[in-house]
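Structure record follows, encoded as structure tokens.
Keep in mind the model is a prediction, meaning the values are calculated, not measured. Whatever order the structure lists ligands and atoms in, that order sets their numbers, starting from 1.
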Amino acid sequence: MDTAAIGSEARSRIGAAQSLEELEKLRVAYLGKQGSVSALLKTLGGMMPDERKEQGPKIHALREEVSDLLAARKAEMENAELEQRLKAETLDLTLPPPELPKGSVHPVSQVMDELAEIFADMGFAVATGPEIEDDWHNFTALNMPESHPARAMHDTFYFPAEQETQGNTSGAQEHRMLLRTHTSPVQVRTMRKVAQENPGGAPIRVIAPGRVYRSDSDATHTPMFHQVEGLVIDRGIHLGHLKWTLETFLKAFFEREDIVLRLRPSYFPFTEPSVEADVGFAIENGRRVLGGSGDEPGHGWMELLGSGMVNRRVVEMGGFDPGEWQGFAFGVGVDRLAMLKYGMDDLRAFFDGDVRWLRHYGFSPFDQPTLSAGVGAKS
Ligand code: DAH
């Protein structure tokens, strides 16, 4: 057969092919080793130069055409197959899913969850109390009687006194309502609840995270902020327990084994003795990084939290016999902990509600399972 005859036959047979196997057979028949086009190519070697000059381009063109026809028919079949599949499938599982808008966990919630998890491992439960508190729980029961000078440091938001609102004189100071200035009243509420429900019901091991309020506002103070209180009441509790607990908590929280704690004598009406806990830091790339002793050259101590042994009078007002029960307590700013761990520097941004800030500093409830995300699914 000559090129023209092979060409027209190939066009019609390839065009009529119905399956990929059929196409493959045709490819072998034309272009395979024994194929008719290959046979034609082989004849070129035995031709006289003039003839070869005439036949060569025709045979090469035929080979090219047949190979193009095969490829085109193959693509056609594949397209038809995809078309067929798309018609049959209503769902294309190979497409990437659309991105759904999702919220993020606020750093304060994240840190509170972290604290709850860390302290749960040490046997602490989470306690809560009201944010609208009375004067007695916020001050008096914490050994700050009416005339106590420490009250002045609290910049308290008071509600109008009862005398002012109702024109009577029965509203004694201790019933006066206020926005709690610290989480310490939860200590009192917890002790009294345990003492009442289950006399001698210690040991108590709780933390109380929550919102507190003071009339104060600048780059490091907002009128509302967050604290976490810790309270342990048991027999034979001493400063050693306090130090171990704080050290274990801070190492777990900052995820650094080299956290060094320094306890410094201090004063709080509700603890005796009282200590302030400092943590050592180093300066790395112009930033304070917690870890190591603050006494090393170039290092320093950062004041982190207040604590101490629960004052006997507080134990007593909590409903326990201070001869039998001792305890320690501590209070620390949650926002401050978040800033130190996650590197924010303006406290006010925490409460501006700017979605861009939240997107940047917020936590995905899915990447990092926390209590806020539902179950404390930490593996
Ligand atoms: N309530 C204190 C404050 O707001 C912090 C504090 C200090 C809490 C010592 C404590 C403590 O439980 O023992 O400044």
Study note, to complete from the structure: CE of Met309 to CD1 of Ile237, rounded to nearest 0.5 Å, is 7.0 Å
Review point. Applying the 4.5 Å side-chain criterion to the ILVMFWY set and letting contacts propagate, would Leu340 and Phe330 be lumped into a single cluster?
Key: yes
**Study point:** Lys/Arg N to Asp/Glu carboxylate O, Glu255 vs Lys341, below 4.0 Å
**Key:** yes
Review point. Phe270 and His182: aromatic ring centres closer than 6.0 Å?
Key: yes
Practice item. List the steps, then state whether salt bridge (Lys or Arg N to Asp or Glu O under 4.0 Å) holds for Arg151 with Asp135. Key: CA-CA 10 Å; Arg151 282 183 175 222; Asp135 186 279; 2.8 Å; yes
Revision key, fill the gap. Counting only non-hydrogen atoms and a 4.0 Å cut-off, the residues near ligand 1 are His182, Ser184, Gln187, Arg214, Gln227, Glu229, Phe268, Phe270, Thr271, Gly306, Ser307, Gly308, Ala329, Phe330, Gly331
Review point. Sequence neighbours excluded, which residues qualify as ring pair (Phe, Tyr, Trp, His ring centres under 6.0 Å) partners of Phe351?
Key: His226
